[in-house]
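Values in this document were obtained by computation on a predicted structure and should not be read as measured data.
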Amino acid sequence: MPDDAGPADARLGDRRPAQRRARARDVQLRPVAGDLRRRLGRLVRGRLGADDERDGLLREGRDRPARLREHRRRQGRRRRQRRRGGPLPGRPPPPPPRRAGRRRHLRPRRRDDRLQRRARSRRPLPARAGAVPRLHPPRPRPLGPHGRRGQQPADRPGGRRVVPHRPHRRALIARPRPPRPPAPMFDPVRGKPDFPALEQEVLGFWRSGGIYRKSLERRRGAPRFVFYEGPPTANGLPHPGHCLTRTIKDLYPRYRTMRGQLCERKAGWDTHGLPVEVEVCKELGIHSKAQIEAYGVEPFIHRCQESVWRYMKEWETITERIGFWIDLSEAYVTYRRSYVESVWWALADLFDRGLLYRGHKIVWWWAQGGTALSSGEVGQGYKEVADPSVYVALPLVDAAGRPDGRSLVAWTTTPWTLPSNQFAAVRPELEYVVVREAGAPDGAPQYVVAEALAADLAAKLKVSFETLQTLTGGELVGRDYLPPFDTFRPAGSPPRATLAAGGDAAPAWRVVAADFVTTDSGTGVVHVAPAFGEVDYGVLMAEQPRFAAGGPALLNCVAPDGTFTDAFPMGSGRFVKDCDRDITRDLRARGLLVHQEQYVHDYPFCWRADADPLIQYPRASWFIRTSQFRDAMLANNARIDWLPEHIKDGRFGNFLETNVDWALSRERYWGTPLPIWVCEETGRAEAVPSYAALLAKPGIAGTEVFARAKEADPSLADDLAVHKPYIDAVTYASPFAAGRRMRRVPEVIDCWFDSGAMPFAQWGWPHEGRADFAGQFPADFISEAIDQTRGWFYSQLAISTLLFGGDGPRTLPGGVAPPPAAWPHPFRTCIVLGLMLGEDGQKMSKSKRNYKEPGVIFDAYGADALRWFFLAGQPPWTTIRYSERSIRESVPEFLLRLWNVYSFFVIYATIDGFDPAALLDAPGGLDHADLSGARGWRPVAERCELDRWMLAELSATAAAVVERMDAFDHFAAAGRISALVEGLSNWFVRRSRDRFWGPGRADGGPDTSPDKLDAYWTLWETLLGIARLAAPFVPFVTEAMWRNLAARPFGAAVAESVHLTDYPTGDAALLDADLVRRMALVRDVASLGRAARAGAKLKVRQPLSKVEVILGGGVEPADAAWLEAHAELVCDELNVKHFEICREPDRYITRSLLPDLKKLGPKLGKLLPQARQALEKGDAVALLSALERDGRVELALPGGTAVVEREDVIVRTTAREGWAAAEGPRAVVVIAAELTPQLVAEGLAREVIHAVQTARKNLDLEFTDRIDLALASPSAELRAALEEHRGGIAAETLAERLTILDGSGTGETLDVDGHPLSIAVAVAGGPGSRP
RNA sequence: GCGCGCGUAGCUCAGUUGGUUAGAGCGCCACCCUGAUAAGGUGGAGGUCCCAAGUUCGAAUCUUGGCGCGCGCACCA
């Protein structure tokens, strides 16, 4: 996809860390440098040298230092009172035991402090320590007088310090009161967020404020974005997979709503089906249908209906908790009467159009239980068993029915199906042979088998065959044979039947052609018993239409209970599998058994009764002629936007290609009843489209059954009137036979039909809800996991195609207009989610306990964390490994980073009095243009570069995010948002620290610093922009930010919720591709510089004299000039004194020419390797100058002449050996590694400062505590360095007194770059603090 | 067995139409910062791109065949 944010490498998100690009060169330091290096000192950033502004800052007369001094004095006084004899300067540091003891003392004391403050604050302690911004209502919190410790903002309930020292310190500073009252304009934000608690507050706000409803109201009349909720089965607890789908399903509607569309979200529940019945059976402790009927269908159905709602509360909880905005109060429910009637209408329409018919289906049948099993159930019951494997002779007969001495040999592992044999199948194009045991007498049996398998058979028989004849399968087709048993064969001459095409043929025991015959195993001749195999049944279905009359009927001598009927006397009344032995024995006796052995394979057993083998068995079933609509469904599919794309032609397309008629009916109890009534006399049927239509039938009877039940139990749901058993009782007068009744067929339907009818049935259409349906069909967007391919995705597409595609519905009651048939429908875009695996990479399973309950994640990390993990962690269609660790680890990268910036802003804005509401009277939508009316607001063009850059990045990101989100690519969009936050945190805030800390206020008053105010406006605007951009992804934290940053200061003048704002699309006026690219360059250079330092083992604390950069050819001159103008920035980042663009790069680098393979490849072809070598080996400088002069050079190569133009080559610069350098694709950065004694001294001083600061920290000093500092070292060099930088050290460490002693000292000795140093720190002014 | 998808760093995953030095996050190691601090930042190490053959000037990328994993459909006479 095109990216308008500039070249890839200039983009914010593409800042590849230099470690990949940079190859730090080893530096050979000169002897003196090497010597120095060992004793390196470290120093602060170069600009903080002896004469720099930091020193200046501490001089009298400036605003901030003065306040600081005052503050420190007070602090010190208080400390002195509190402390009784700290460690003394010049004295030995306290011995370890005492120190440890003191530390132990310090921490508890802090807790005591907190408790006391809490007590003083007299505010109740909430159950959860939740110092989070309040969300509703925004009430100003009174703040006590300044300087009173107990009234600090830090004393939030919960006891954690919320605002660090600065506010307190500032409160102590003597300065004029700010013009505005001191109430904070923003609620304090704690550094360590408690996301779960925050989310609970947000949820409360959404609930009480009716925010979801308001978000819809706001878009009333706007173009719709239609979303369909694929109904989850409430019959079971929600698990992490549902959290994923609910996250995605929330994301896009939220996004589209912010973008200006109306997206109503109607929830739904799938309530019918076998799982519900199984659940109820479990409760009742029963299994079989017979047991259900014994229990009573009526009470059973009642239990099913109740069972559906058992987990509803959990579902609603998790739906709300994860932030899925959907209307649960008006959810559609598939068992509701209006829903059922919609389904009835669809079925009646199909029936009236001849698309619903009765046939047989071969199912996996549990004979003992008398029920069919779903494929899922079958899959659970496979066991490896040894079955008999028999090779049976089927004697071929001539036209007169006489055996001709040759026999087909067929193989089967289910001998019990042989009595129902109906055909023998061969593959027409296969070679078959007629064989006989070699050397056998003339009368010996002759077998017909596939040539490829003849040897196998011979081996089994332990004989060798001689081939008598070779023929194709095609020549065998049409031949008649004798079935292995006479079960269905009448005595006398073989039966014939008339073919539709003329002539006649045997309706059974005939060789047929079939392409499922393979030579993988067996004999190449397949025994076909249509009653006991789906493929076999297909043969029968193919044969039947060929006959005009008297065609083949289904032969079946097995009863539904799995026993042979009397049609097969040998096994009559016995379970079929128990008869295998007798059947085999009989075959052998009659000379038909060619061979017998054991065959080990997997065979399904009943998962509930694992001793019961399943058998395939034909059951009467109702079908929908979907296969007639195969092409229409494919055409519809072709128009759907599938994500990932391969679903369209892959899994889903393939499934449509091999479409077979939809077996609709189920011989169960809890489902939508099939609305077909059959005449008891004629067997003619009609379909009923609604309950009203049924009641209008002449001679209606039986409705009183439900009425009586309702009378007996008024709480009975009216919806049950259209369910079994009540609906079965309703009969009416047959229009086909006078005096006869119409009775409903007993079946219910596949619950997938329910879900697939959802686009119209959720509205009760066409009986009602016509406007709703007209406005919300088709869906713009749906999303479910890949396991719905043959489920909801198919059921929707099939039903919609059959009803609304092609010629459309014939009859719509009441003149209802059918929806337009233009494809795609019923959904335009479908995101197919990957499967979710548990912690161990295995399928999630409750029994394995390999996943954490969603609630655990919510309580520990929050819903935003889970959402962000799902949305930003990987493309949605990949398999997701759901683990607590991954979720936890995804938090710091984005949520925490964003939170830190947010909290940074609030802390400093509070200190500096930045209050947007005080400066801006008409906030409007708080878009960039709306801010221009604010006092002290400067147009971006007048602000500093960093602000311009930040706002340019914000706009570019917004534009890119919108572009990605409109393409349903939230993964990429999330990446952009994450990169923006990275840039905000690691560049804008970091580079702006001094601006926020600098003198002046940001309250618009007389003390206001314009630059500081700019920084606040920029950061505030950026944070609000990010809150809006990220709102659909992480709706909670963004809401908290909006509430605090916008709604709190502005109150009702702005949107109360971030979800009631418009989504940012980027402000073209703010885009600045040049600046974005250049800032990326400077960050690159800084990064390379650090890599060069690291390569030379020169830490950043060691100041260096110079850094030079050699820019690559791809860098535009204007960019180079810009970079040069930013020398100070680079120096600051890299702690060097000077930065320049190298004037004589050849000192540091070598140039080489690389062919641009992408351009040269197609041009040169086979010459390329030679040209490449010539370019790389040749004199790069000469070649380059020739290229630049002439625009082209001709290379004479062994294979011919290659013309190379300037654009065909890339100049690569490589750092020469011996320099501290790092090279990236756009620049080489060289560090001056030589160290002067001055630099080393500076570095040493900095190192000592660091050591002292560490000591301060170890002593738990307030950072404002002044100290007495004693440093002792036997090293003259170190002492000299310390003396030289005495002022800097004292200033940095807040040392009132600094003593530098010769000798080893008596305390702990540190090693400062090879110099021993002992440090003694004591709080200044304490007892005995004088040395 | 058939179909679909997937095998890239210790882990989880990106990698656009084949192109020069294959990337990210986490983890690890080192460093920096110490006024976002129970935080934060930077750098580094780490890869036979599952294997093999082929196409091509050039393959992580395309083709074929293996091997392994996941899912779906069948379970095979």
Side-chain angles (χ1 to χ4, degrees), chain A residues 1 16-24 42 160-161 164-166 169 191-192 375 378 382 410-414 417 425 516-518 520-523 525-529 532-536 601-604 644 646-647 650-652 654-655 658 786-787 789-790 834-835 837 841 843 873-875 877-881 883 885-886 888-890 892-893 896-897 900-901 903-905 907-908 971 975 978 985-986 989-990 993 996-997 1086-1087 1090-1091 1093-1095 1099-1101 1154-1161 1164-1172 1210 1212 1225 1250 1253-1254 1256-1257 1263-1264:
Chain A
M1 284 291 169
R16 295 182 294 148
Q19 75 256 38
R20 270 288 135 214
R21 294 160 306 172
R23 214 191 276 146
R42 314 293 172 202
R160 294 246 168 164
R161 280 183 304 154
H165 326 285
R166 271 197 67 193
R169 187 182 65 237
K192 193 165 185 284
S375 69
V378 174
Y382 276 93
W411 173 57
T412 181
T413 56
T414 50
T417 62
F516 59 78
V517 178
T518 66
D520 294 341
S521 58
T523 59
V525 179
V526 174
H527 143 67
V528 177
F532 309 114
E534 214 169 330
V535 177
D536 307 51
H601 63 161
D602 287 337
Y603 193 86
H646 62 73
I647 298 289
R651 193 173 284 217
F652 194 72
N654 286 338
F655 177 61
T658 58
I786 192 163
D787 56 9
T789 306
R790 286 146 203 254
L835 255 107
L837 305 177
K843 206 172 175 174
Q874 56 275 307
W877 42 83
T878 52
T879 310
I880 294 178
R881 182 109 152 237
S883 75
R885 206 188 111 219
S886 318
R888 185 178 58 239
E889 288 176 352
S890 78
E893 176 194 344
L896 204 53
R897 193 181 262 161
N900 280 330
V901 177
S903 126
F904 175 94
F905 169 83
I907 290 167
Y908 286 89
F971 176 60
S978 186
S985 171
N986 295 341
V989 170
R990 193 160 65 79
R993 274 188 171 154
F996 290 111
W997 175 237
S1087 178
R1090 278 188 286 267
R1093 293 191 71 116
K1099 28 178 151 167
V1100 184
R1101 243 187 255 147
L1154 290 179
D1156 187 337
L1157 296 175
K1158 227 168 179 170
K1159 289 181 181 142
L1160 224 40
L1164 296 184
K1166 280 185 196 295
L1167 271 178
L1168 188 71
Q1170 296 175 15
R1172 188 175 178 178
I1210 298 162
R1212 174 187 289 175
H1250 178 230
Q1253 303 288 33
T1254 307
R1256 289 181 59 111
K1257 194 178 179 186
F1263 72 89
T1264 46

Watson-Crick or G-U wobble partner of [N], both distances under 3.5 Å:
| N | value |
| --- | --- |
| B/G27 | none |
| B/A22 | none |
| B/G40 | B/C32 |
| B/G65 | B/C51 |
| B/A59 | none |
| B/C2 | B/G72 |

With rounding to the nearest 0.5 angstrom, report the CD1 to CH2 distance, A/Ile786 to A/Trp877.
12.0 Å
Send over the distance from [X] [atom1] to [N] [atom2], rounded to a whole Å.
| X | N | atom1 | atom2 | value |
| --- | --- | --- | --- | --- |
| A/Trp877 | B/C4 | CH2 | P | 19 Å |
| A/Arg651 | B/G72 | CZ | C1' | 5 Å |
| A/Ile786 | B/G3 | CD1 | C1' | 12 Å |
| A/Ile647 | B/C71 | CD1 | P | 15 Å |
| A/Phe904 | B/U37 | CZ | C1' | 13 Å |
| A/Phe532 | B/C75 | CZ | P | 15 Å |
| A/Arg1090 | B/C33 | CZ | C1' | 12 Å |
| A/Gln874 | B/C26 | CD | C1' | 13 Å |

Take atom [atom1] in [N] and the same atom in [M], then report the distance between them in whole Å.
| N | M | atom1 | result |
| --- | --- | --- | --- |
| B/A22 | B/C49 | P | 11 Å |
| B/G65 | B/G58 | C1' | 23 Å |
| B/G7 | B/U48 | C1' | 14 Å |
| B/A24 | B/A9 | C1' | 11 Å |
| B/C62 | B/G15 | P | 12 Å |
| B/A77 | B/A60 | P | 45 Å |
| B/G46 | B/G23 | P | 14 Å |
| B/U61 | B/G18 | C1' | 6 Å |

Distance test, side-chain N/O of [X] to OP1/OP2 of [N], below 4.0 Å:
| X | N | result |
| --- | --- | --- |
| A/Asn900 | B/A36 | no |
| A/Ser886 | B/U12 | no |
| A/Arg990 | B/G40 | no |
| A/Ser1087 | B/G43 | yes |

Do you know the tightest heavy-atom contact between [X] and [Y]?
| X | Y | result |
| --- | --- | --- |
| A/Trp411 | A/Thr523 | N-OG1, 4.1 Å |
| A/Phe655 | A/Arg790 | CD1-NH1, 3.2 Å |
| A/Asp536 | A/Ala529 | OD2-N, 2.9 Å |
| A/Thr412 | A/Thr414 | OG1-N, 3.0 Å |

Please classify the nucleic acid contact of [X] as base, sugar-phosphate, or nothing, using heavy-atom distances under 4.0 Å.
| X | answer |
| --- | --- |
| A/Ser985 | base |
| A/Gly533 | nothing |
| A/Val989 | base |
| A/Val901 | base |
| A/Pro875 | sugar-phosphate |
| A/Arg1093 | nothing |

Which residue, A/Asn986 or A/Leu1168, contacts RNA chain B at a nucleotide closer to its 5' end, judged by nearest heavy atom?
A/Asn986
Per nearest nucleotide of RNA chain B, the residue lying toward the 5' end, A/Leu1157 or A/Arg897, is A/Leu1157
Ring centroids only, cut at 6.0 angstrom: are A/Phe996 and A/Phe904 within range, meaning strictly under it?
yes
Counting only side-chain heavy atoms from C-beta out, which of B/G72, B/A77, B/A14 sits nearest to A/Thr412?
B/A77
State, with a plain yes or no, whether a side-chain heavy atom of A/Arg897 is found less than 4.5 Å away from one of A/Asn986.
yes
